[in-house]
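Note on naming: letters A, B, ... go to the chains in the order of the sequence lines (proteins, then strands), and numbering restarts at 1 for each one. Just so it is clear, the structure is predicted and the values come from calculations on it, not from any experiment.
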There are 2 protein chains.
Amino acid sequence: MSVEDNLLKLVEVETPDDQDYLLQEQVGFILRKAHQRHVSIFAAHIGDLTPPQFAALAKLRDVGETSQNQLGTLIAMDAATVKGVIDRLKARGLVELSKHEVDKRRLLVNLTAEGRDAIERLIPLAREITQETLAPLSAKEIATFMKLLAKLA
Amino acid sequence: MSVEDNLLKLVEVETPDDQDYLLQEQVGFILRKAHQRHVSIFAAHIGDLTPPQFAALAKLRDVGETSQNQLGTLIAMDAATVKGVIDRLKARGLVELSKHEVDKRRLLVNLTAEGRDAIERLIPLAREITQETLAPLSAKEIATFMKLLAKLA
DNA sequence: GCAAATTCATTCGTATGCAAATGATATCAA
DNA sequence: TTGATATCATTTGCATACGAATGAATTTGC
């Protein structure tokens, strides 16, 4: 390495300004890649359902019948997005819709028998997905990571 | 709490099977929410450009002219996705396209003067976005989190 | 009790994101 | 050299994701 290079490096170390911005070190960029990797692992284990569709079924299993909007809140989806997800689950016979008797604005969503079977069958696979996603980390690292990630979400 | 409730709780603790699956504790779900939060913070600071568009400009600033596919690899986007992103940046005059002289398959992408101005102007805002995204964590937690997140991505 | 504000759901428009198929070009191997 | 492969880019189709606008129904505030 030349004297000039060393001088240049010294200047860079001492004045880390805009020259320095490295996309691949930004949280947002890495977060996007980590999410991509998870979705890819998910697809490899559960091919016929997307993560959002799975989330909807899993949450319905937890809470039972709810309104479409309420379900959206529970799985962090806005109204427009949740509608599409529920439409597709309904088209496949995994959920059924009904009108709320009292509040006529609300559209109630519930699992069908088939939907309940599906989610029960898929949950063991979902556990594997979680495991594989976290596989690069040790048990202790997983605990630390989940704690910090939860703070960011 | 009734005796029955306590017995029930005991049973749950001792047999953590499928009854236990909690969507909101799964990496994939929290990863998705953390990513959503970041995108929202990004939009609040940089309204007229999306994170993928910004990523494309920032990477072009780093590496200079490259082929569309190569750029996609560098910013973790598949060929179909990167095409749309570049099309929109081109429509706004931030990048320009040209044909590779030797390899006629390749489409070269480069920043325009306007694109270069834009990315230089936006980088300070991007630093703020990173900071705000990580704001819930202490400096030490940030270091730990970034190390572990990188392992997962 | 009634007007204003809120909530629920839908629709539209735009932007990722990816699988799969296709066409053009380039490279490799027999 | 040529036939098989591989690479680059495009297109299509489907599925999130969200802002903004709209309409219907409910709740609030005075």
Side-chain angles (χ1 to χ4, degrees), chain A residues 28-29 31-44 46-57 65-92 94 97-109, chain B residues 28-29 31-44 46-57 65-92 94 97-109:
Chain A
F29 184 73
L31 221 37
R32 175 170 149 272
K33 288 213 300 175
H35 181 247
Q36 276 177 2
R37 174 171 166 271
H38 167 75
V39 172
S40 165
I41 292 171
F42 189 101
I46 300 180
D48 66 340
L49 221 56
T50 65
Q53 289 167 5
F54 176 86
L57 295 184
E65 189 174 60
T66 6
S67 75
Q68 198 174 259
N69 257 20
Q70 175 61 17
L71 180 61
T73 300
L74 293 172
I75 58 180
M77 257 177 245
D78 78 356
T81 302
V82 81
K83 182 179 194 313
V85 173
I86 294 303
D87 279 354
R88 285 180 283 278
L89 291 175
K90 174 177 157 55
R92 294 176 53 177
L94 299 177
L97 305 180
S98 57
K99 288 176 183 168
H100 193 287
E101 288 300 320
V102 178
D103 188 340
K104 295 176 186 173
R105 295 170 304 178
R106 295 189 200 172
L107 185 64
L108 296 175
V109 189
Chain B
F29 184 73
L31 222 38
R32 177 170 147 272
K33 289 214 297 175
H35 182 247
Q36 276 177 1
R37 173 170 166 272
H38 168 74
V39 172
S40 165
I41 291 171
F42 188 102
I46 301 180
D48 65 340
L49 222 55
T50 65
Q53 288 167 5
F54 175 86
L57 295 184
E65 188 172 61
T66 8
S67 75
Q68 199 174 258
N69 257 19
Q70 176 60 17
L71 180 60
T73 301
L74 293 172
I75 57 180
M77 256 177 247
D78 77 357
T81 301
V82 82
K83 180 178 195 316
V85 173
I86 294 302
D87 278 353
R88 285 179 283 276
L89 291 175
K90 172 176 158 56
R92 294 177 52 178
L94 300 177
L97 305 179
S98 57
K99 288 176 183 168
H100 192 287
E101 289 298 321
V102 178
D103 187 340
K104 295 178 187 171
R105 294 169 305 176
R106 294 189 201 171
L107 187 63
L108 296 175
V109 189

Would you mind classifying the nucleic acid contact of [X] as base, sugar-phosphate or nothing, using non-hydrogen atoms under 4.0 angstrom?
X	result
A/Thr81	base
A/Ser67	sugar-phosphate
A/Val39	nothing

Might you work through the side chain to side chain contact (heavy atoms under 4.5 Å, CB included) test for B/Leu89 and B/Leu49, ending with a clear yes or no?
CA-CA 9 Å; B/Leu89 291 175; B/Leu49 222 55; 4.3 Å; yes
Could you pull out the closest heavy-atom pair between B/Ala76 and A/Gln36, with the gap in Å?
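Nearest pair, atom of B/Ala76 first, then A/Gln36: O-NE2, 3.2 Å.
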Give the minimum heavy-atom separation between A/Ala56 and A/Ile86, together with the two atoms involved.
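Where A/Ala56 meets A/Ile86 most closely, the heavy atoms are CB-CD1, 4.4 Å.
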Nearest-angstrom distance from the residue atom [atom1] of [X] to [atom2] of [N]:
X	N	atom1	atom2	result
A/Asp48	C/dA19	CG	P	16 Å
A/His38	C/dG17	NE2	C1'	15 Å
B/Met77	C/dA19	CE	P	15 Å
B/Arg32	D/dT16	CZ	C1'	9 Å
B/Arg92	C/dT14	CZ	P	14 Å
A/Leu89	D/dT16	CG	C1'	13 Å
B/Leu94	C/dA15	CG	P	13 Å
A/Lys99	D/dA24	NZ	C1'	12 Å

For A/Gly84 and B/Lys83, take the nucleotide of DNA chain D holding the closest heavy atom to each; which residue's nucleotide lies nearer the 5' end?
B/Lys83
Checking side chain to side chain contact (heavy atoms under 4.5 Å, CB included) against A/Val102, which of A/His100, A/Lys99, A/Arg106 comes through?
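So, applying the side chain to side chain contact (heavy atoms under 4.5 Å, CB included) to A/Val102 and each of A/His100, A/Lys99, A/Arg106, only A/His100 qualifies.
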Which class fits the ring pair B/Phe54 and B/Phe42: parallel under 30°, tilted 30 to 60°, perpendicular over 60°?
perpendicular
Does [X] have a side-chain nitrogen or oxygen under 4.0 Å from the phosphate oxygens OP1 or OP2 of [N]?
X	N	value
A/Gln53	D/dT16	yes
A/Gln36	C/dT16	no
A/Gln70	C/dT7	no

Quick one, give me the B/S/- string for nucleotides 20-29 of chain C, reading 5' to 3', where B means a protein heavy atom under 4.0 Å from the base and S means that only happens at the primed atoms, P, OP1 or OP2.
----BBS---
Please assess B/Leu94 against B/Gln53 for the test side chain to side chain contact (heavy atoms under 4.5 Å, CB included), listing each intermediate value before the final yes or no.
CA-CA 10 Å; B/Leu94 300 177; B/Gln53 288 167 5; over 6 Å; no
A/Arg105 side, atom CZ; A/Gln68 side, atom CD - distance, nearest 0.5 Å
14.0 Å
